[in-house]
Amino acid sequence: SLSTGLSSTGDRLLTGGLDGVVRMWSSKKGKALAMYAYEDAPVWSVDHGPADHYFASSGSAGQALLWTVERPSPLRVLKPGGFPGYGGFCQDLSADIVKFHPTGRLLSVATDTCVALWDLLAPKPVRIFRTQQRPTALSSSEDGKRMAIGTSTGALQLWDISAASRVGEASFAHRSGSVVSTGFARGVGSTATASPLLFSAGSEGVLNFWRHDVTSKGDPAKNTTPRPFRNVASLPVEGGFGVFDRRQVEVAGAAFCL
């Protein structure tokens, strides 16, 4: 499998593969429950919605698909390409990552050049974040106000979602590899003045933990200079992280942050 996604209850597992098929499994019995197919293109990413009734997938055809568990065909096809973004236009050569927002109504889709945030009831993205680098990892804060984006060059970016403004950046969070996973500590950074604790895992096998001062005066949309992160801990992992170990490092990072 190229991608996996576990339901919030832990009883169902989604997998996506080279054959373009998303499979749903019973994690307790190890049996396939359903198959979902739309096109013959590799499925790079799958993600369950917060309520587990909806899920999303994305792949090399440059589009994201919204599904419900009871239907064999997608509810919506989302194509981020062509919409104006921060500093340019999105290209949709490949949709590499899909991630649900904590509300369940918004879906982030990472393409080759940007991250598009879709309101699933709207015809086009409500926000587009031009990262300047290829996104390789996404996560949203528990309160839904911020988004962390890891990139192929090892950088970690923090965005204010409402203002579509980049408020923090660690340009060399991982100096010898890409960011394969990132996340926020639970219960931390739930207020506008809190300093969130984040983690990022790199393909070189290092799990980093970061603090970022988000307090500022004025409108965050007018803050043009991202503030740096402060590295508070680093944990080397023998053997490193593989490209498809996102779930493993998300669990490890969240456990350390609690």
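- Under the 3.5 Å distance criterion, the side-chain polar atoms of Ser58 are left unmatched by any main-chain donor or acceptor of Ala64.
- Atom CH2 of Trp210 sits about 10.0 Å away from atom OG1 of Thr182, to the nearest 0.5 Å.
- Taking the side chain as every heavy atom from C-beta outward, Leu107 and Leu78 approach each other to under 4.5 Å.
- The two residues Pro135 and Ile97 make their nearest non-hydrogen contact at O-CD1, 4.0 Å.
- In this structure a side-chain-to-backbone donor-acceptor pair under 3.5 Å is missing from Arg146 to Ile161.
- Put simply, the side chain of Thr131 never gets that close to the backbone of Val115: no donor and acceptor are under 3.5 Å apart.
- With a 4.5 Å cut-off on side-chain heavy atoms, Val21 and Val43 do not count as touching.
- Interatomic distance, CG of Leu235 versus CG of Asn208, reported as 8.5 Å (0.5 Å rounding).
- Of the possible donor and acceptor atoms, one in the side chain of Ser45 sits under 3.5 Å from a partner among the backbone N and O of Val98.
- Using a 4.5 Å cut-off between side-chain heavy atoms of Ile, Leu, Val, Met, Phe, Trp and Tyr, with links allowed through other members, Leu13 and Tyr36 fall into different hydrophobic clusters.
- Nearest heavy atoms, Ser139 versus Gly183: OG-CA, 3.4 Å.
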- Query: Going through the checks in order, is the side chain to side chain contact (heavy atoms under 4.5 Å, CB included) test met by Tyr38 and Val77?
  - Reply: CA-CA 10 Å; Tyr38 179 72; Val77 178; 3.6 Å; yes

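- A continuous path of Ile, Leu, Val, Met, Phe, Trp and Tyr side chains, each step under 4.5 Å between heavy atoms, connects Leu33 with Leu14, placing both in one hydrophobic cluster.
- Checked for salt-bridge contact, Asp160 and Arg166 miss the test: no charged N lies under 4.0 Å from a carboxylate O.
- Using a 4.5 Å cut-off on side-chain heavy atoms (C-beta onward), Phe184 and Glu142 make no contact.
- Under the side chain to side chain donor-acceptor pair (under 3.5 Å) criterion, the residue pairs touching residues 15-30 are Thr15-Trp25, Asp19-Arg23, with sequence neighbours excluded.
- In this structure, Leu156 and Phe229 approach most closely via the heavy-atom pair O-CE1, 3.5 Å.
- Listed for the Thr111 side chain is no donor-acceptor partner under 3.5 Å among the backbone atoms of Ala95.
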- Task: Please test Leu106 against Ser108 for side chain to side chain contact (heavy atoms under 4.5 Å, CB included), starting from the C-alpha separation and ending with a verdict.
- Result: CA-CA 7 Å; Leu106 303 174; Ser108 296; over 6 Å; no

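- Under the 4.5 Å side-chain contact rule for hydrophobic residues, Leu120 and Leu75 share a cluster.
- Looking at heavy atoms from C-beta onward, Glu70 lies in side-chain contact with His53 at the 4.5 angstrom threshold.
- The shortest distance between side-chain heavy atoms of Pro74 and Leu66 does not fall below 4.5 Å.
- In this structure the side chain of Met35 never reaches within 4.5 angstrom of the side chain of Val22, judged on heavy atoms.
- For Phe100, the CZ atom counts as densely surrounded, since its 6.0 Å shell holds more than 12 non-hydrogen atoms of other residues, nucleotides or ligands.
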- For Arg127 and Trp159, what are the C-alpha separation, side-chain angles and deciding distance, and is it a side chain to side chain contact (heavy atoms under 4.5 Å, CB included)? CA-CA 11 Å; Arg127 296 285 186 277; Trp159 292 76; over 6 Å; no

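- A donor-acceptor contact shorter than 3.5 Å links the side chain of His101 to the backbone of Gly144.
- The environment of CG in Asp40 is sparse: at most 12 heavy-atom neighbours from other residues, nucleotides or ligands sit within 6.0 Å.
- In this structure, the side chains of Arg134 and Thr151 stay at 4.5 Å or more apart for every pair of heavy atoms.
- A salt bridge links Arg105 with Asp119: the closest approach of a Lys/Arg side-chain nitrogen to an acidic carboxylate oxygen falls below 4.0 angstrom.
- In plain terms, the two heavy atoms of Trp67 and Ser57 that are nearest each other are NE1-OG, 3.0 Å.
- For His48 against Phe55, the heavy-atom pair with the smallest separation is CA-CB, 4.1 Å.
- Under the 4.5 Å side-chain criterion, counting only non-hydrogen atoms from C-beta, Leu207 is in contact with Phe199.
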- Task: Evaluate the side-chain hydrogen bond (donor to acceptor under 3.5 Å, both in side chains) criterion for residues His174 and Ser200: first the C-alpha distance (whole Å), next the side-chain angles of each, then the deciding distance (0.1 Å), finally the verdict.
- Result: CA-CA 9 Å; His174 297 272; Ser200 64; 2.8 Å; yes

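- Rounded to the nearest 0.5 Å, atoms CG (Leu138) and CZ (Phe129) are 10.0 Å apart.
- Minimum heavy-atom separation, Val69 to Arg12: CG1-NH1, 3.9 Å.
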